[in-house]
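Everything on this sheet refers to the single structure shown next.
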Amino acid sequence: MDTLAFARCDVTDSWSLHGLWPDFDNGTWPSYCHDTDCETAITDALFNKMDEYYPPCWSDHRDLMCHEWMKHGTCFYENTLLVSPEEYFNDTLDAYLKYYADIPEDTDELNYYLKLA
């Protein structure tokens with residue numbers, strides 16, 4: 001199971017992307033599963049594709065992407081092979097766009113977490 005996280009700066013703002021991470025059945029999640037160099041992982045093209053989807057009040061989206069990749073993305077594997085940063089962020093963006101409409105409109109929270117099967 002995975003968790004897709006949405007965020008916003010104010011309750012009147014529309015929802016932005018926070019991130020995607022795998023979950024264990026007990027409610028915890030793995031983190032920092034593989035040592036990687038963020039400078040080479042987050043290319044300019046990947047950053048430019050993702051930048052608009054993060055909350056505008058979060059100051060440094062490149063640092064955020066680096067954090068998301070190192071903490072969560074390095075825990076995503078396909079057939080025992082670590083997915084690439086492009087695969088991880090493409091899957092994250094696909095999930096965000098797919099489930100964006102599922103967020104309840106009447107919530108006054110700044111963060112919303114959606115469990116994906």
Side-chain angles (χ1 to χ4, degrees):
M1 180 178 291
D2 298 332
T3 294
L4 177 63
F6 300 87
R8 58 186 175 178
C9 303
D10 186 89
V11 296
T12 61
D13 293 340
S14 58
W15 289 101
S16 297
L17 176 63
H18 176 170
L20 179 70
W21 50 85
D23 286 329
F24 294 127
D25 290 338
N26 66 3
T28 64
W29 56 87
S31 61
Y32 302 102
C33 298
H34 181 73
D35 196 19
T36 184
D37 175 19
C38 228
E39 294 302 316
T40 58
I42 309 302
T43 64
D44 287 342
L46 185 56
F47 173 76
N48 291 336
K49 177 180 181 178
M50 298 296 297
D51 184 46
E52 70 179 281
Y53 295 98
Y54 293 111
C57 62
W58 291 4
S59 61
D60 192 333
H61 294 166
R62 190 175 290 272
D63 280 352
L64 171 66
M65 286 181 68
C66 186
H67 164 80
E68 291 296 314
W69 167 244
M70 290 176 60
K71 184 172 184 179
H72 304 300
T74 61
C75 297
F76 280 91
Y77 290 84
E78 185 173 305
N79 300 324
T80 71
L81 296 175
L82 177 67
V83 301
S84 70
E86 290 80 12
E87 291 170 311
Y88 169 69
F89 284 106
N90 284 337
D91 289 350
T92 300
L93 182 56
D94 288 348
Y96 169 79
L97 295 172
K98 179 177 181 180
Y99 293 105
Y100 180 84
D102 291 350
I103 301 171
E105 292 184 25
D106 60 348
T107 183
D108 61 355
E109 301 294 324
L110 296 180
N111 297 288
Y112 184 77
Y113 302 95
L114 185 62
K115 300 289 185 185
L116 307 178

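The chain is numbered in sequence order, starting from 1.
Relative ring orientation between F89 and W69 is described as tilted, the plane-to-plane angle lying within the 30° to 60° band.
Taking CG of L81 as the start and CD of E87 as the end, the distance is 9.5 Å to the nearest 0.5 Å. Between the CD atom of E86 and the CD1 atom of I42 there is a distance of 8.0 Å, given to the nearest 0.5 Å. Taking NZ of K98 as the start and CG of L93 as the end, the distance is 13.5 Å to the nearest 0.5 Å.
Other residues, nucleotides and ligands contribute over 12 non-hydrogen atoms within 6.0 Å of the CG atom of D102. Environment of CG in D25: sparse, with no more than 12 heavy atoms of neighbouring residues, nucleotides or ligands closer than 6.0 Å.
The two residues P22 and D2 come nearest to each other via the heavy atoms CA-OD1, 3.3 Å. Between Y100 and S14, the shortest heavy-atom distance links the atoms OH-CB, 3.5 Å. Y88 and F76 get closest at one heavy-atom pair: CE1-CE1, 3.6 Å.
Side-chain atoms of S16 do not come within 3.5 Å of backbone N or O of R8 as any donor-acceptor pair.
Listed by first and then second residue, the salt bridge (Lys or Arg N to Asp or Glu O under 4.0 Å) pairs involving residues 9-22 amount to none (not counting sequence neighbours).
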For residues 107-117, tabulate all N or O donor-acceptor pairs below 3.5 Å that involve a side-chain atom, not counting sequence neighbours.
residue: T107; atom: OG1; partner: E109; partner atom: N; Å: 3.3
residue: K115; atom: NZ; partner: T3; partner atom: OG1; Å: 3.0
residue: K115; atom: NZ; partner: D23; partner atom: OD2; Å: 2.9

Result block: side-chain N/O donor-acceptor pairs under 3.5 angstrom for residues 44-56, not counting sequence neighbours:
residue: D44; atom: OD1; partner: R62; partner atom: NH2; Å: 3.0
residue: N48; atom: ND2; partner: D44; partner atom: O; Å: 3.1
residue: K49; atom: NZ; partner: N90; partner atom: OD1; Å: 2.3
residue: D51; atom: OD1; partner: H61; partner atom: ND1; Å: 2.5

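S31 places none of its side-chain heavy atoms less than 4.5 Å from the side chain of W21.
Results of the ring-ring contact (aromatic ring centres under 6.0 Å, His included) test with H18 over Y96, W58, F6 single out W58 as the only residue that passes.
There is a path of hydrophobic side-chain contacts, each under 4.5 Å, that joins V83 to L4.
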Under the side chain to side chain contact (heavy atoms under 4.5 Å, CB included) criterion, do H72 and L20 qualify, and how do the steps go?
CA-CA 7 Å; H72 304 300; L20 179 70; over 6 Å; no
Mind running side chain to side chain contact (heavy atoms under 4.5 Å, CB included) on D60 and L64 for me, showing each step along the way?
CA-CA 6 Å; D60 192 333; L64 171 66; over 6 Å; no
